[in-house]
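Okay, so here's the structure we're looking at.
Numbers restart at 1 for each chain; the letters A, B, ... are given by sequence-line order, proteins then strands. From a predicted model like this one, the values you see are computed outputs, not experimental measurements.
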Amino acid sequence: MPNNYDDIIEKLDNNQLWDFPGGVFPAERKTLSNQTPIGKLPIPERLFVTVKQHIGVEGHLIVEVGQKVLKGQALTKSMNPFAVPIHAPTSGEVAAIQKHVSAHPSGLPEMTVEIISDQQDKWIQLNPLIDYQSQPKIKVLAAICDAGISGMGGAGFPTHIKSSPKKDVDFLIINGIECEPYITSDDRLMREHAWQIRQGIDVLCHLLKPKQVLIGIENNKPEAIEAMQVACRENPNYRICSVPTKYPAGGEKQLIQVLTNREVPAKGLPMDVGIIMHNVGTCFAISDAVFSGKPLISRVVTVTGEAVEKPSNLWALIGSPVAHLLAHSDYNPKLQKQPNVIMGGPMMGFNVINDKVPVIKTTNCILAPTDTEISSNNEQACIRCSACADACPVSLLPQQLFWHSKAKELDKAQDYNLFDCIECGACAYVCPSEIPLVHYYRIAKSEIRVEQEEKQKSDKARERFEKREARLIAEQHARDEKHRLAAEARKQAMESKGNNAKDKIAAALARAKAKKQAVNIEEETSVSKADLANDVIEAAAPNETTEASATQPTTKVASSNQRVQAAIARAKAKKAAAEAATSNVEVEVPSEVEVEVEVEVEKNNDKVSESIKTETQSKNQSVNAKEPAPHAAKPEPLKPESASSESVSEVTATKTATIAASKKARIAAAVAKAKAKREAQKAAETEQTSKEAPLAEVEDPKTDSSQEPVKTQEQQIDMKKRKIAAAVAKAKAKKAAEKADKSS
Amino acid sequence: MKFRLASSPHQHIRRDTGQVMRLVILAMIPGVLLQTWFFGWGTVIQIGLAVVTAVVTEAAILELRKRDFERALKDYSAVLTAMLLAVSIPPFAPWWVVVIGTFFAICIVKQLYGGLGFNVFNPAMAAYVMLLVSFPVQMTQWLPPVNLAQYSHNFMDALQAVFTGFSVEGFSLAQLKTGIDGVTMATPLDTVKTSLSQGFTYSETIERPIFDSVIPGLGVASSWISLGYLIGGLYLLKQKVINWHIPTSMLAALFICALIMSLVDSDLYPSSIFHLFNGSIIIGAFFIATDPVSASTTNKGRIIFGAAIGIWVYLIREWGGYPDAIAFAVLIMNMAVPLIDYYTRPRTYGHTSTKRKTKNKAQS
Amino acid sequence: MSLGFAILTALLAIGLLALIFGSILGFAAVKFKVESDPLVEQIDHILPQTQCGQCGYPGCKPYAQAIADGDEINKCPPGGDATIKKLADLMGVEAKSLDSAHGTEDVKKVAFIREDECIGCTKCIQACPVDAILGAAKQMHTVITDECTGCDLCVDPCPVDCIDMLPVKDSASSWRWDINTIPIKQVG
């Protein structure tokens with residue numbers, strides 16, 4: 001290694017550091033918020049704790065809606081090493097577990113535990129691990145993991161994984177750079193809690209055993225540097241490095257380069273060059289977890305920007321909505337033409353899509369700038385000035401990346417190391433043509449990722465397809481082989497018996513007989529099958545009838561209002577059917593429905609029929625009417641020969657509900673069905689291409705109705721039968737449709 | 001109300017393309033003033049003509065391409081192109097020369113390639129070469145510097161000369177070209193080239209009045225004008241509008257070439273200083289070769305690009321058919337830019353070498 | 001005599017040159033030989049492997065073979081324009097727009113079986129080209145979503161129409177940064 005440990009130490013001893021290429025110097029604007037101590041944010045009424053707040057996998061929920069939780073109680077758990085739990089930020093009740101807008105640039109809803117605070121703020125029993133030095137490492141790691149700690153600087157990588165390396169660690173670097181403009185949360189944390197941060201570093205040292213601890217702080221934070229120097233005075237191994245202010249010095253790779261001149265290999269980790277880096281906030285959280293047993297449920301958030309009247313740093317509970325923080329800092333939306341709240345800094349932060357976005361473990365800043373503070377994108381043509389290349393901290397050629405990303409030449413963009421871009425935004429910051437370069441890279445990156453996923457998937461599909469083909473061919477071969485063997489065996493058998501002509505004849509006779517028999521059996525079975533099918537069809541229809549009739553009493557019992565609704569719904573369904581059908585079909589099918597509906601209506605009430613005729617009256621009920629729509633459509637497929645026979649069957653069914661009655665109804669229904677089928681075929685023959693659609697529609701609600709809860713015992717028994725029947729009916733409809741298709 | 005959504009970064013440095021171009025135009029002013037001082041109002045008239053033609057052409061073509069021409073005009077790139085072309089043209093060249101040239105630069109070289117940022121060649125230089133090849137007589141009629149000319153001329157003379165070919169008093173261009181010694185004047189580079197080919201030595205040649213400058217061997221006018229552009233160029237460097245790589249490497253390459261050759265035979269080959277401060281080397285190095293669109297974009301590439309231009313300039317000046325060579329050299333190297341850029345990619349952080357290795361892997 | 005000699009020299013010289021260049025070319029052909037997959041394999045790798053058969057061939061590989069034999073490249077609706085462009089690059093032909101006779105490009109979908117309606121007929125299992133449907137006779141079937149290519153082939157055989165093709169939902173990880181409010185204008 002060209003940058004061996006001793007050389008680095010020697011250079012650091014001389015107070016010399018390295019530099020990274022590029023970089024920019026945006027206005028810092030840190031004094032807006034770093035003048036006052038970290039304030040305490042009141043507990044919000046509702047907290048939205050996103051289940052997944054780190055890189056890795058989420059745990060599964062161990063709380064239920066309505067459950068009371070105590071402050072610090074774990075809400076998820078998992079055996080997966082890449083999972084860290086989340087905790088209740090305060091005591092209260094779990095109000096909901098559902099998707100809620102997430103703290104992600106897309107704002108796509110993610111699973112979130114919503115907790116209503118009881119304002120008691122009652123802690124759960126805490127288990128500190130004060131004698132951590134005498135404990136096995138695994139126990140300390142478990143404590144850190146159970147406290148839900150993941151990197152608080154940006155990416156949110158689980159801390160316990162970063163703290164259990166398999167190689168020797170040369171340097172533990174503590175990142176207190178905070179190079180983004182406006183943000184001062186780490187600055188204030190170091191000023192006020194340097195001691196606890198040092199304790200956290202102690203714990204990390206116990207776990208990592210690094211040769212040297214480097215604490216990097218930008219030289220625009222002299223107070224923080226001093227505070228940390230005082231706190232670390234007793235540890236000669238802890239070295240505070242004042243790093244020249246330049247954006248993005250706080251990037252992991254950049255800070256490593258500045259402090260040690262080592263470079264993390266592409267697609268590698270800092271561990272590959274013997275370095276582990278943690279954020280100061282993470283160190284604080286570790287000390288909280290180890291020395292007081294408190295899980296990570298709150299963090300320092302800078303609320304700043306000129307659109308808030310009281311910019312400051314606040315201890316915010318994880319899950320507090322952005323609106324709560326803004327309200328506490330006197331956010332004045334009038335200073336913005338359009339609400340504009342950035343989570344994170346102005347260089348790498350993202351716009352929240354609304355103010356219900358919750359604070360998560362990586363949220364370090366809420367920025368509400370006025371319109372003059374931020375710039376609008378006014379994209380012009382690239383003039384290849386390569387100011388971006390001069391600003392790029394990882395020596396990419398942003399203009400080429402832009403060119404290829406825009407042209408969707410993704411492989412060429414990758415050739416120019418697109419994936420080494422850290423999205424720091426320095427290139428877009430300096431671009432005189434105001435091209436949102438990073439945006440183009442992000443799009444290109446996500447497209448490449450999706451493409452790779454698809455590629456993987458298609459490879460897998462190809463493999464499965466080929467395996468299947470091979471299997472089918474093998475099966476075919478096996479079958480052929482079997483047949484061949486069988487044929488050979490027969491041949492042999494015949495040959496061996498060949499001298500006996502009588503036998504031959506007898507055998508032939510036997511064969512013929514067997515064949516005849518087989519045919520008979522087949523015929524029989526097919527007949528029986530057909531019978532069965534018929535039965536099934538018959539069974540299908542009556543069931544519907546019974547159900548229809550079963551609903552009848554309830555309708556009668558129910559208020560006339562409901563009946564009105566049902567009737568209207570029926571009428572509507574009819575109308576819909578009529579509309580959907582072409583003229584030919586319209587004449588045939590729905591007319592019966594109409595009759596039937598009218599019959600029913602007459603049976604029920606005169607008022608009802610009135611209301612049907614006067615549609616205007618029923619307008620306000622139409623919303624309700626949507627619900628009983630399946631009921632309305634249900635009797636449709638019955639298509640009785642005459643309305644009276646239907647009503648008779650129904651009446652009888654209603655009154656007795658005996659098997660006999662249902663049998664009657666069955667017959668009626670079967671007749672109706674047969675007729676319907678005939679009609680359908682007739683319709684098909686008239687070569688109306690569009691009539692299949694209404695037919696299908698006529699059938700569809702039936703299946704729905706068949707799934708509806710049934711009331712009588714008998715019907716419950718019939719359930720399965722009906723299902724099959726429905727399925728068969730459907731199949732028939734489909735066949736008919738196919739036939740129609742072919743004929744047309 | 002809907003929240004504003006934008007991609008980070010949300011801040012920008014306050015310098016847009018228009019500002020960059022305006023800074024470059026501003027930096028040209030000292031040179032232009034000196035040029036006007038030495039060659040009369042012709043220069044200003046040419047600039048005026050060129051700028052008007054450029055803006056009209058750009059607007060018309062953008063309108064045809066259905067683009068927002070108002071916004072595009074605000075970037076001042078057309079104005080800059082026009083100015084660079086106008087100062088390269090003889091001040092009393094007929095008006096149609098500069099109009100055709102500017103139209104060619106904006107329409108053919110720039111817009112037909114896709115507009116600003118897409119042109120492969122430097123528009124001003126491509127137009128200059130087109131004019132030089134198409135109208136060699138008009139393009140080489142440089143007047144003697146004012147203090148050496150037999151006939152003085154004022155603004156009206158210049159105007160008339162540009163539009164009619166004769167000054168107010170009726171002098172033809174040929175007459176205006178006459179120097180105080182009654183001999184038709186040529187540019188310093190022309191003079192040296194012809195006299196060397198006639199068998200004079202370099203030291204004899206620079207005894208002529210056109211070289212009667214502070215430093216012997218420099219053209220009277222061109223040395224001062226070069227100085228003017230040098231000041232502008234240094235200003236641009238200070239403002240970080242241009243990088244040091246191209247001007248430095250180009251001047252250094254030319255200097256070294258000239259030094260070596262003049263050491264070989266100082267009678268036949270002019271000195272390095274002569275090469276640097278005659279003709280359009282300085283404006284070429286700071287204003288033309290640094291045109292971002294058509295130049296190399298990597299730092300290493302810029303050094304190669306600049307140095308190659310310097311070498312080409314020397315080669316063409318010494319052994320080519322034309323006395324000056326900036327335009328040809330720049331165009332030749334414009335063509336090589338994609339290649340240079342491809343092979344001079346900087347090493348990305350975390351990669352052991354440039355992309356070569358993986359490239360080969362991909363191919364095999 | 002001298003004329004004959006001159007002709008002889010010329011012939012010899014040309015012959016010698018031909019020999020030299022020929023051997024150089026031959027050497028280069030061996031030395032710089034580009035190892036590459038057979039064309040069919042390359043085409044097959046570009047195709048989306050939905051095995052949907054919308055192209056008129058029983059799977060992606062047969063279509064790849066057909067393309068190699070000179071069939072049109074614009075018959076693959078699941079691949080859409082992106083695939084056509086890649087095929088055009090590979091085959092060195094002009095990219096065409098998708099042949100609408102074979103269908104149109106649609107959002108990515110996967111099959112979903114409404115399980116309480118499934119009658120366990122196994123017809124869809126037989127139809128699935130990538131064995132992405134699990135189930136046995138008279139048992140409820142289900143689709144392995146990760147393996148489903150969205151080919152649509154299981155929908156038709158189902159006797160009870162209980163298979164739906166549902167669009168794949170967007171997630172934060174597959175989000176493509178389509179912040180539509182950023183005005184990205186074209187300028188000259």
Side-chain angles (χ1 to χ4, degrees), chain A residues 52 102 104-110 338 350-351 353 376-381 406 408 433 435-436 438-447 449-451 453-455 457-469 471 696 700 703 707 723-724 726-735, chain C residues 41 44-52 58-62 64 78-79 82-83 85-86 89 108 114 116-121 126 128-132 144 146-151 156-162 169-179 181-188:
Chain A
K52 192 185 165 197
S102 64
H104 182 266
S106 66
L108 285 172
E110 292 215 33
Q338 194 186 358
F350 57 89
N351 284 106
I353 65 163
S376 55
N377 271 319
N378 183 23
E379 187 178 350
Q380 287 171 290
K406 197 176 177 183
K408 304 276 173 225
S433 296
I435 302 167
V438 182
H439 186 61
Y440 281 105
Y441 307 153
R442 285 179 179 140
I443 292 174
K445 280 182 181 178
S446 58
E447 269 169 12
R449 271 191 219 111
V450 169
E451 205 172 70
E453 250 166 56
E454 267 168 22
K455 179 92 194 124
K457 221 183 148 181
S458 84
D459 283 346
K460 209 160 68 175
R462 184 187 305 109
E463 199 183 321
R464 288 178 79 92
F465 178 68
E466 278 164 4
K467 290 263 164 68
R468 180 174 186 270
E469 292 286 277
R471 195 191 70 218
D700 268 342
T703 39
Q707 285 166 13
K723 252 193 196 170
I724 296 164
V728 172
K730 229 188 206 174
K732 284 214 164 167
K734 210 173 149 194
K735 227 178 205 167
Chain C
E41 285 294 315
D44 195 35
H45 273 85
I46 292 172
L47 294 172
Q49 303 300 326
T50 51
Q51 317 294 355
C52 64
C60 292
K61 192 79 178 277
T83 297
K85 195 167 160 254
K86 278 188 214 155
D89 281 350
K108 224 178 130 35
R114 289 197 300 274
D116 49 355
E117 282 171 51
C118 176
I119 54 171
C121 67
Q126 289 158 35
C128 182
V130 291
D131 288 337
I144 311 170
D146 279 352
E147 309 290 354
C148 177
T149 63
C151 68
D156 267 345
C158 180
V160 293
D161 281 344
C162 71
K169 278 205 188 100
D170 224 10
S171 72
S173 58
S174 70
W175 187 60
R176 297 193 193 194
W177 281 93
D178 38 8
I179 299 175
T181 48
I182 295 183
I184 295 170
K185 281 189 206 154
Q186 281 286 315
V187 288

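Residue contact with chain C, scored on non-hydrogen atoms closer than 4.5 Å, involves the side chain of K455(A) exclusively. For E466(A), the part lying near chain C is the side chain, with the backbone staying farther off; criterion is any non-hydrogen pair under 4.5 Å. Proximity to chain A (any heavy atom under 4.5 Å) is shown, for P78(C), by neither the backbone nor the side chain. Contacts of E454(A) with chain C are made by side-chain atoms alone, with heavy-atom separations under 4.5 Å and no backbone atom involved. Of the atoms belonging to R449(A), not a single heavy atom falls under 4.5 Å from chain C.
When all heavy atoms of P48(C) and S458(A) are compared, the pair lying nearest together is O-CB, 3.3 Å. The two residues E451(A) and K86(C) come nearest to each other via the heavy atoms OE2-NZ, 4.2 Å. In terms of heavy-atom proximity, A461(A) sits nearest to Q49(C) at CB-O, 3.3 Å.
Between D146(C) and K457(A) the shortest side-chain heavy-atom distance does not fall below 4.5 Å.
Judged as a salt bridge (charged side-chain N to carboxylate O under 4.0 Å, His left out), and not counting sequence neighbours, E453(A) has no contacts. Every salt bridge (charged side-chain N to carboxylate O under 4.0 Å, His left out) that K61(C) has, sequence neighbours left out, goes to E41(C).
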D131(C) vs R464(A), salt bridge (charged side-chain N to carboxylate O under 4.0 Å, His left out): CA-CA, chis, key distance, verdict:
CA-CA 7 Å; D131(C) 288 337; R464(A) 288 178 79 92; 5.8 Å; no
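Interface summary for chain A: among C158(C), C60(C), C128(C), C148(C), the most heavy-atom pairs under 4.5 angstrom belong to C128(C).
By the neighbour-count criterion of 12 heavy atoms within 6.0 Å, atom NZ of K408(A) is densely surrounded, having more than that number from other residues, nucleotides or ligands.
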